[in-house]
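Have a look at the structure below, then the notes.
Just so it is clear, the model here is predicted, and its values are computed rather than measured.
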Amino acid sequence: MDKWLFGTVLVQVVLTLFMMVLMGKRRFKAAKNRELPYKAFRVMDLTGANEKVITASRNFDNQFQLPVLYLFAVAFALQFGVVDLSLVVLGWLFAVSRLMHAYVHVGANHVRLRFAVYVFGALMLLLFWLKLSLTYLLA
């Protein structure tokens, strides 16, 4: 079970690195096309940047919000030795929600769908933490 849960961490790490590369490509393209002055990058003032640059930057930032709470939960679950099928399922649902959120965010950026996917992922994270906490504290 531990390896299956660790797989969700790998998905999150690969997603984060992918978003970093995508963000960089979009920023370099905007600078090359003179859509943003080079000095904008000194303080990361993306005012005036196109939507693709902004969404990639925001999504990269998003990879250090809920996922950080997830990564701590996985570390605790592995450390405590309480990984079971329910945590693995919740973990994969969270990981898939993060992939879907990123896809929607840097793609069509349909706000309602993006929000629904985000809420679903947040709920999976909450359930993961509740299950982890109850399992550990009641053991």
- Can you name the residues that form a side chain to side chain contact (heavy atoms under 4.5 Å, CB included) with F64, not counting sequence neighbours?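 Applying side chain to side chain contact (heavy atoms under 4.5 Å, CB included) to F64 gives T16, F60, V68.
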Rounded distance [0.5 Å steps], [atom1] in [X] versus [atom2] in [Y]:
X   : Y    : atom1 : atom2 : answer
Q12 : L71  : CD    : CG    : 6.0 Å
E51 : N109 : CD    : CG    : 5.0 Å
M23 : M20  : CE    : CE    : 7.5 Å
L22 : F18  : CG    : CZ    : 5.5 Å
Q63 : Q65  : CD    : CD    : 8.5 Å

- Query: To which residues is V14 joined in a hydrophobic cluster, defined by side-chain heavy-atom contacts under 4.5 Å among Ile, Leu, Val, Met, Phe, Trp and Tyr, whether direct or through other members?
  - Reply: none
Under 3.5 Å, which donor-acceptor pairs link side chains of residues 87-106 to any protein atom two or more places apart or in another chain?
residue : atom : partner : partner atom : Å
W92     : NE1  : W4      : O            : 3.0
S97     : OG   : F94     : O            : 2.6
H105    : ND1  : N59     : ND2          : 3.1

Answer with yes or no whether the hydrophobic clustering places [X] together with [Y]; edges join I, L, V, M, F, W, Y residues whose side-chain heavy atoms lie under 4.5 Å apart.
X    : Y   : value
L113 : L66 : no
L10  : V21 : no
L5   : L85 : yes

- Query: Which residue pairs pass the ring-ring contact (aromatic ring centres under 6.0 Å, His included) test with at least one member in residues 20-46, sequence neighbours excluded?
  - Reply: none
On a heavy-atom basis, which atom in [X] and which in [Y] lie closest, and how many Å separate them?
X   : Y   : answer
L36 : D45 : CD2-O, 4.5 Å
I54 : L46 : CD1-O, 4.2 Å
A77 : V83 : O-CG2, 3.7 Å

- Message: Quick check on F115: does its CZ atom have over 12 non-hydrogen neighbours (other residues, nucleotides or ligands) under 6.0 Å away?
- Response: no
- Item | Heavy-atom side-chain contact between N62 and M19 under 4.5 Å | no
- Query: Would you say the side chain of F76 lies within less than 4.5 Å of the side chain of V82, judging by non-hydrogen atoms?
  - Reply: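 Not in contact.
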- Show your working on side chain to side chain contact (heavy atoms under 4.5 Å, CB included) between M44 and R27 and close with a plain yes or no. CA-CA 10 Å; M44 290 314 304; R27 286 178 178 180; 3.0 Å; yes
Can you give each donor-acceptor pair under 3.5 Å made by side-chain atoms of residues 119-135, sequence neighbours left out, with the distance rounded to 0.1 Å?
residue : atom : partner : partner atom : Å
W129    : NE1  : L69     : O            : 3.2
K131    : NZ   : D84     : OD2          : 2.9
K131    : NZ   : T135    : OG1          : 3.1
S133    : OG   : W129    : O            : 2.8
T135    : OG1  : K131    : O            : 2.7

- For residues 57-66, pull every pair meeting salt bridge (charged side-chain N to carboxylate O under 4.0 Å, His left out), keeping only residues two or more places apart or in separate chains. R58-D61
- May I ask you to decide if K52's main-chain N or O and R26's side chain share a donor-acceptor pair within less than 3.5 Å?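 Yes; at least one donor-acceptor contact below 3.5 Å.
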